There are 2 protein chains.
Amino acid sequence: MAEDKPKAPEAEGAENSVPGSSGATPRGRTRIQQRNIEAILEAALDVFSAQGFRGATLDQIAAAAGLSKPNLLYYFPSKEAIHIALLTSLLDIWLAPLREMEASGDAKAEIMGYMRRKLQMSREMPRESRLFANEILQGAPRMGEMLSTDLKALVDAKAAVIRGWAAAGQIAPVDPYHLIFAIWALTQHYADFDVQVRAVLGPEHDDPCTEAERFLTPLFERLLAP
Amino acid sequence: MAEDKPKAPEAEGAENSVPGSSGATPRGRTRIQQRNIEAILEAALDVFSAQGFRGATLDQIAAAAGLSKPNLLYYFPSKEAIHIALLTSLLDIWLAPLREMEASGDAKAEIMGYMRRKLQMSREMPRESRLFANEILQGAPRMGEMLSTDLKALVDAKAAVIRGWAAAGQIAPVDPYHLIFAIWALTQHYADFDVQVRAVLGPEHDDPCTEAERFLTPLFERLLAP
DNA sequence: CCTCTTGCTGACCGCGTGGTCAAACCACCC
DNA sequence: GGGTGGTTTGACCACGCGGTCAGCAAGAGG
């Protein structure tokens with residue numbers, strides 16, 4: 001009985017590489033577990049997105065979550081577990097805009113809508129954007145698997161949809177993969193490189209994303225016009 | 001006489017925030033100094049671009065440079081000094097493609113040429129791209145000054161040029177700043193998010209940048225057509 | 001040969017950091 | 001009240017890391 005851990009909430013499933021469509025965030029049993037786990041993930045999102053994985057410290061996360069460091073490690077077995085839990089629990093949210101793009105809709109409207117939703121996420125969820133950007137920049141050591149399985153599968157499917165639209169003459173015949181890359185690059189740029197954008201634009205511009213939408217809308221309209 | 005440092009090469013100028021057009025890399029006195037400083041910067045570029053500032057360790061850099069850790073600190077006073085030296089010495093190279101864009105040339109050709117040069121740098125200098133991406137992502141703690149002075153000045157100047165082209169009817173009237181952001185985003189994406197791009201495209205695609213050029217050329221041609 | 005400057009290194013240090021543990025705390029139910 | 005589980009923490013540890021230092025090697029010039 002000496003080696004039997006008390007309970008170990010374990011929080012987010014680390015083995016479950018593909019949460020699919022199960023309940024993403026709410027998992028903890030007790031009310032207090034759920035509250036603390038949520039606070040930890042929120043704090044970790046703040047710190048990891050701002051400092052990167054190595055740059056973040058457990059003390060920073062604990063302080064931001066209003067908990068003690070050992071208490072963090074009561075809910076998560078390690079720093080890396082927190083990071084993985086964050087990434088997996090946010091991947092669904094992050095890819096939702098692409099999932100919403102449906103073949104049954106109007107081609108141009110669907111793509112423009114996707115671009116706009118992605119841009120809105122850059123504005124409203126810049127921390128998530130930077131979290132993923134950090135992970136990818138470092139070579140995706142904790143997400144590489146997901147990229148070449150889940151993400152690739154989703155993009156493959158949507159690329160086929162776009163190719164169908166192009167074949168039907170609804171949009172210009174563009175490479176669907178690089179079209180998606182372009183949407184990613186052009187929208188996430190405003191979240192990931194925010195400081196640079198603001199430094200270049202100067203202090204008077206208050207919301208670069210709004211300007212970006214006025215720039216990107218005609219860009220994609222011209223690109224997609226058959 | 002006890003507090004007189006032997007000589008302290010000091011390497012790259014840390015105070016010189018704008019090297020302008022002076023000799024960028026070669027500065028050390030002795031032949032051996034120059035060789036080692038170059039090896040250190042090369043190794044540091046490898047490590048910093050792959051691991052970020054906090055993720056990199058002096059031991060890694062020293063090993064990659066074929067030197068001992070104390071020997072590193074004989075040429076550079078600190079880890080941060082190496083990082084700053086890298087950033088400043090590479091900034092000129094990094095901004096050269098934009099500087100080459102000249103008002104006297106043909107509008108569309110100049111912009112397309114800039115895009116292509118930038119894309120070429122993503123292909124040939126991905127480490128530099130990731131180094132800057134890391135720095136910006138972390139909020140540019142060591143480069144913020146340069147962004148809002150040198151970089152802003154350069155972009156302001158080139159934006160005025162682009163605006164002139166648009167006013168002359170040579171290209172469509174687009175926001176010059178966001179046009180430049182678009183070029184940055186679309187080209188650097190292939191360096192910074194290389195693993196993601198390759199994961200999505202699959203193993204058979206060997207050079208995403210070549211495909212990217214075939215995608216981006218018509219994109220900008222359509223965008224800029226008056 | 002000696003000497004002086006530059007280059008280089010093994011050994012060391014202090015500290016921050018991830019992680020552990022035994023003990024205490026607390027809420028809730030008999 | 002006493003028990004019993006989940007919850008919290010102070011104290012602690014091992015280790016990796018940035019950085020220092022005294023001293024040694026190696027040329028260059030006499």
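Small disclaimer: the values here were computed from a predicted structure and weren't measured. Chain letters run A, B, ... following the sequence lines, proteins first, then strands; residues in each count from 1. Values below: all heavy atoms of this structure, side chains included; hydrogens, waters and symmetry mates excluded.
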*Asks:* Are the side chains of B:Glu135 and B:Pro141 in contact, using a 4.5 Å heavy-atom criterion?
*Replies:* yes
*Asks:* Could you tell me the separation between the CZ atom of A:Arg35 and the C1' atom of D:dG6, rounded to a whole number of Å?
*Replies:* 13 Å
*Asks:* So what does A:Ile32 touch, heavy atoms closer than 4.0 Å: a base, only the sugar-phosphate, or nothing?
*Replies:* sugar-phosphate
*Asks:* Write down the distance between CG (A:Asn71) and C1' (D:dA11), rounded to a whole number of angstrom.
*Replies:* 16 Å
*Asks:* Provide, to the nearest angstrom, the distance between the OH atom belonging to A:Tyr75 and the C1' atom belonging to D:dT9.
*Replies:* 13 Å
*Asks:* Rounding to an integer number of Å, can you tell me how far A:Arg31 CZ sits from C:dC26 C1'?
*Replies:* 18 Å
*Asks:* Expressed as a whole number of angstroms, how long is the span from A:Ile37:CD1 to D:dG6:P?
*Replies:* 14 Å
*Asks:* Under a 4.5 Å cut-off applied to non-hydrogen side-chain atoms, are A:Leu151 and A:Met143 in contact?
*Replies:* no
*Asks:* Do the side-chain N or O atoms of B:Gln33 get closer than 4.0 angstrom to the phosphate oxygens (OP1, OP2) of C:dG7?
*Replies:* yes
*Asks:* Is any side-chain N of the basic residue among B:Glu42 and B:Arg127 closer than 4.0 Å to the acidic one's carboxylate O?
*Replies:* yes
*Asks:* In whole angstroms, how far is the P atom of D:dG16 from the CD atom of B:Gln51?
*Replies:* 16 Å
*Asks:* OP1 or OP2 of C:dT9 versus the side-chain N and O atoms of B:Ser68: is any pair under 4.0 Å?
*Replies:* yes
*Asks:* At less than 4.0 Å, is any side-chain N or O atom of A:Asn36 found next to OP1 or OP2 of D:dT8? Yes or no.
*Replies:* yes
*Asks:* Report yes if the side chains of B:Leu58 and B:Leu73 come closer than 4.5 Å at any heavy-atom pair, otherwise no.
*Replies:* yes
*Asks:* Quick one: which protein N/O atoms are closer than 3.5 Å to N/O atoms of nucleotides 17-21 of chain D? Pair and distance per line, please.
*Replies:*
from	atom 1	to	atom 2	distance (Å)
D:dG18	OP1	B:Ala56	O	3.3
D:dG18	OP1	B:Lys79	NZ	2.9
D:dG18	OP2	B:Leu58	N	2.8
D:dG18	N7	B:Lys69	NZ	3.1
D:dG19	OP2	B:Lys79	N	2.8
D:dG19	O6	B:Lys69	NZ	3.3

*Asks:* Kindly list each side-chain donor-acceptor pair under 3.5 angstrom involving residues 195-204 of chain B, sequence neighbours excluded, with atom names and distances?
*Replies:*
from	atom 1	to	atom 2	distance (Å)
B:Arg198	NE	B:Asp194	OD1	2.9
B:Arg198	NE	B:Asp194	OD2	3.0
B:Arg198	NH1	B:Asp206	O	3.1

*Asks:* If you count every heavy atom of other residues, nucleotides or ligands that lies below 6.0 Å from B:Glu124 atom CD, does the total exceed 12?
*Replies:* yes
*Asks:* Please check the phosphate of C:dC8 (OP1 and OP2 only) for any side-chain N or O of B:Tyr74 closer than 4.0 Å.
*Replies:* no
*Asks:* Tell me the interatomic distance from B:Phe76, atom CZ, to C:dG7, atom P, rounded to whole angstroms.
*Replies:* 13 Å
*Asks:* Whether B:Arg214 and A:Asp175 form a salt bridge (side-chain N of Lys/Arg under 4.0 Å from carboxylate O of Asp/Glu) is what I want to check.
*Replies:* no
